[in-house]
Protein chains: 2
Amino acid sequence: MEHTVAGCRAREILDRIGDKWSLQVIAVLGERTKRFTELKREIDGISQRMLTVTLRGLERDGIATRTVYPVVPPRVEYSLTPMGATLMDAASTLVVWAERHLEEIDAARTDYDARQNDVRDEDGRR
Amino acid sequence: MEHTVAGCRAREILDRIGDKWSLQVIAVLGERTKRFTELKREIDGISQRMLTVTLRGLERDGIATRTVYPVVPPRVEYSLTPMGATLMDAASTLVVWAERHLEEIDAARTDYDARQNDVRDEDGRR
DNA sequence: CGGCATCCCCTCGGATACTG
DNA sequence: CAGTATCCGAGGGGATGCCG
């Protein structure tokens, strides 16, 4: 069988890291173990709620661990599991691709959009 | 700076291939140039609308091309651009990772869910 | 500090019907 | 054959407020 890419199963990881925040959380956690507030501070624009939701998902999937220290004030630390680290490596391939091609993609978009406008102009604007 | 993984820009590719269908379309197109109906037939469960929407997106980003042959009945062919092919390669890293770890993830989930139920049992079910 | 609960909007995507 | 147009429900995710 062996599809080189993206049979039905491939969607399942995208369901996990393809959401708005997972990959960024994984990336930041990849640096080292971090506390909740650290993560929140370092991931620009994430809400408290979504950070919690995302972390729970990663924890559930065995990608991150959550360690609670029973002190006051509460101290909770998150880190990647070994599997999480391998996921980060795998994802980095895509990230590298992104960095290499984002300009090209932006150019393609601009081009495409411009051509769409041309077409709309030709047949008399509505 | 050089984040190894997933700075802000990484999200941008996930916005492109992280949706429900893009990766599968890319994968099928990776085999060879295909017609609209072929794609629809080979991608299980995709609706006509979402195939169109997805293809438009890929075309706009310079990942796929659309070629119309002015004949009746209409004949439209889609294929990957060179850039699209490199994206497929990059994505395959993740797919391989997925295949290798899906079982482990499923196990982690089952575990996690079981532990959640235990906790809820302990403090008197509501 | 590190959450959970609630409200609510908005986008994604499915179903269906119509066209060149 | 290869679309476009419209409607609609589900859920992702932001804002806010309360809690141990």
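Keep in mind it's a predicted model, so treat the numbers as computed, not measured. So that the names make sense, note that chain A is the first sequence line, chain B the second, and so on, each numbered from 1.
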K.L.:
Give a yes/no on whether any side-chain N or O of B/Arg35 is located under 4.0 angstrom from OP1 or OP2 of D/dA2.
P.N.:
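For B/Arg35, the contact criterion (side-chain N or O under 4.0 Å from OP1 or OP2 of D/dA2) is met.
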
K.L.:
Could you check A/Trp21 against A/Gln48 and say which one's nearest nucleotide on DNA chain D is further toward the 5' end?
P.N.:
A/Trp21

K.L.:
Send over the distance from B/Leu51 CG to D/dG3 P, rounded to a whole Å.
P.N.:
8 Å

K.L.:
Got a donor-acceptor contact below 3.5 angstrom from the A/Ser22 side chain to the A/Asp19 backbone?
P.N.:
no

K.L.:
Taking atom P of D/dC1 as reference, at what distance in whole Å does atom CZ of B/Arg66 sit?
P.N.:
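Answer to the nearest Å: 16 Å.
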
K.L.:
Roughly, in whole Å, what's the span from CG in A/Asp19 to P in D/dG14?
P.N.:
10 Å

K.L.:
Using a 3.5 Å distance criterion without hydrogens, assess whether the side chain of A/Glu38 forms a donor-acceptor pair with backbone atoms of A/Arg35.
P.N.:
yes

K.L.:
Tell me whether the side-chain N/O atoms of B/Ser47 come closer than 4.0 Å to OP1 or OP2 in C/dG14.
P.N.:
yes

K.L.:
Measure across B/Ala90 and A/Thr93 and return the closest heavy-atom pair with its distance rounded to 0.1 Å.
P.N.:
O-CG2, 3.8 Å

K.L.:
In whole Å, what is the span from the CZ atom of A/Arg49 to the C1' atom of D/dG17?
P.N.:
14 Å

K.L.:
If you compare every side-chain N and O of B/Lys40 against the phosphate oxygens of D/dC1 (OP1, OP2), does one of them come in below 4.0 Å?
P.N.:
no

K.L.:
Just how far, in rounded Å, is P of D/dG13 from CG of B/Asp15?
P.N.:
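Going from B/Asp15 (CG) to D/dG13 (P), I get 10 Å.
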
K.L.:
Roughly, in whole Å, what's the span from NZ in A/Lys20 to P in C/dC12?
P.N.:
11 Å

K.L.:
Whether the side chain of A/Arg66 engages the backbone of A/Val76 through a donor-acceptor N/O pair (distance < 3.5 Å, no angle test) should be reported.
P.N.:
no

K.L.:
Measure from the side chain of B/Thr37, starting at C-beta and using heavy atoms only, and say which of D/dG3, D/dG13, D/dC1 lies closest.
P.N.:
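From the listed options, D/dC1 comes nearest.
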
K.L.:
If you assign A/Val76 and B/Gly18 each to the DNA chain C nucleotide with the nearest heavy atom, which residue ends up on the more 5' nucleotide?
P.N.:
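That would be A/Val76.
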
K.L.:
Please work out if A/Tyr78 contacts a base, only the sugar-phosphate, or nothing of the nucleic acid, heavy-atom cut-off 4.0 Å.
P.N.:
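Sugar-phosphate contact only - A/Tyr78 comes under 4.0 Å of backbone atoms but never of a base.
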
K.L.:
When the distance from CZ of B/Arg56 to P of C/dC12 is rounded to whole Å, what number comes out?
P.N.:
17 Å

K.L.:
Nearest to the side chain of A/Met50, which nucleotide is it out of D/dG13, C/dG3, D/dA2?
P.N.:
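Of the candidates, D/dG13 comes closest.
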
K.L.:
I'd like to check A/Tyr112 versus B/Arg56 (side-chain heavy atoms, cut-off strictly below 4.5 Å). Are they in contact?
P.N.:
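The answer is yes, as the side chains (C-beta and beyond) meet within the 4.5 Å cut-off.
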
K.L.:
I need the CD-P distance between A/Glu38 and C/dG3, as an integer number of Å.
P.N.:
13 Å

